[in-house]
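Here the structure is laid out as C-alpha cells; the discussion comes afterwards.
A, B, ... follow the sequence lines: proteins, then strands. Residue 1 opens every chain.
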Amino acid sequence: KAGVTQTPRYLIKTRGQQVTLSCSPISGHRSVSWYQQTPGQGLQFLFEYFSETQRNKGNFPGRFSGRQFSNSRSEMNVSTLELGDSALYLCASSDTNYGYTFGSGTRLTVV
Amino acid sequence: EDQVTQSPEALRLQEGESSSLNCSYTVSGLRGLFWYRQDPGKGPEFLFTLYSAGEEKEKERLKATLTKKESFLHITAPKPEDSATYLCAVQAYSGAGSYQLTFGKGTKLSVIP
C-alpha cells in the first residue's frame, strides 16, 4: 500500500513569488490535512480537506490556501512569499479521523 | 485553546539507560493522544494512539501511558537507532465533523553508544 506522497521534496523561491505544493494521500483516504513545521513553532495546523471541502482552518493568513480534487489529491498554495514562510510543509492523510499518516514533506526555502 | 507541552526539550542517554519523556496537555474534549517519531528531514512516523486515562501501549522498547493531564513515553534500554525527535499530539473536535491535531514541540532524544 503506497504511502502519502508529497511533491516536490525541495523548493527554493524568491520573496514575493507564489508556490504550489502537492499531496497524494493513501488510496481510499478522503481527508487531507496540512501542517507547517518550523524550528521555533513546531508543527502548526494549516487546514483540512474532506471530500473536496475545507472543513477546518488554522490561524494562518489568507495567503495560505488549498484545495482538494475528486481523487482526494490536495494542493496548497502560498502567495506573496515571505522569508518567514520557509519551513517544512507536511501533509497527512486519514480515513476515519482516528489515524493520520504523514508524508515526507516539502522543504520550502524563501530567499 | 488546546495546549501541549513536552519535556524535556532534549535528552541525551547512554545506550541501555532507560528514561521517560513527558507530554502534558490541556484540551477541551480529548478524543485521542498520539505519539510520533520524527527523523531529520522526514515526516512524523506514527507510534501510538491512546484514548482514555489508564490506557497503556507497548512497541519494542517503547511504552506509552496516559492520565487525565499527561502522557509518558517510556524508553527501556534504548539503542542508538532510537535517536529521533518524539512528538506528542492531542486530537480534539473542531467542528463540522473535523478533528484537529495540536502538537507539542517535541523531545529530541540522542542515544550515545
Atom group of B:Gln38 that falls short of 4.5 Å from chain A, counting heavy atoms
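Contact with chain A is through the side chain of B:Gln38 alone.
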About how many Å separate [atom2] of [Y] and [atom1] of [X], when rounded to the nearest 0.5 Å?
X        : Y       : atom1 : atom2 : value
B:Ser94  : A:Lys57 : OG    : NZ    : 13.5 Å
B:Tyr93  : A:Asn56 : OH    : CG    : 9.5 Å
A:Ser104 : B:Glu45 : OG    : CD    : 10.5 Å

Flag yes if more than 12 heavy atoms outside [X] fall under 6.0 Å of its [atom1] atom; otherwise flag no.
X        : atom1 : result
B:Lys57  : NZ    : yes
B:Arg61  : CZ    : yes
A:Ile12  : CD1   : no
B:Glu81  : CD    : yes
A:Asn59  : CG    : no
B:Arg12  : CZ    : no
B:Lys108 : NZ    : no
B:Lys42  : NZ    : no

Side chains of A:Tyr35 and B:Leu101: does their closest heavy-atom pair fall under 4.5 Å?
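The answer is yes, as the side chains (C-beta and beyond) meet within the 4.5 Å cut-off.
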Go through the atoms of [X] and report whether side chain, backbone, both or neither lie under 4.5 Å from a heavy atom of chain B.
X       : value
A:Gln6  : neither
A:Leu88 : side chain
A:Phe45 : side chain

Closest contact, heavy atoms only, [X] versus [Y]:
X       : Y        : value
B:Gly41 : A:Arg9   : O-NH2, 3.2 Å
B:Gly43 : A:Leu90  : CA-CD2, 3.8 Å
B:Tyr99 : A:Tyr100 : O-OH, 3.4 Å

Mind checking whether B:Ile75 and B:Leu50 sit in one hydrophobic cluster, side chains of I, L, V, M, F, W, Y counted as touching below 4.5 Å?
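B:Ile75 and B:Leu50: one cluster.
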Can any side-chain N or O of B:Lys105 pair as donor or acceptor with the backbone N or O of A:Gln41 at less than 3.5 Å?
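No, the answer is negative, given that no donor and acceptor are paired below the 3.5 Å cut-off.
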Verify ring pair (Phe, Tyr, Trp, His ring centres under 6.0 Å) between B:Phe46 and A:Phe102, making sure each step is shown before the conclusion.
CA-CA 8 Å; B:Phe46 172 77; A:Phe102 283 83; over 10 Å; no
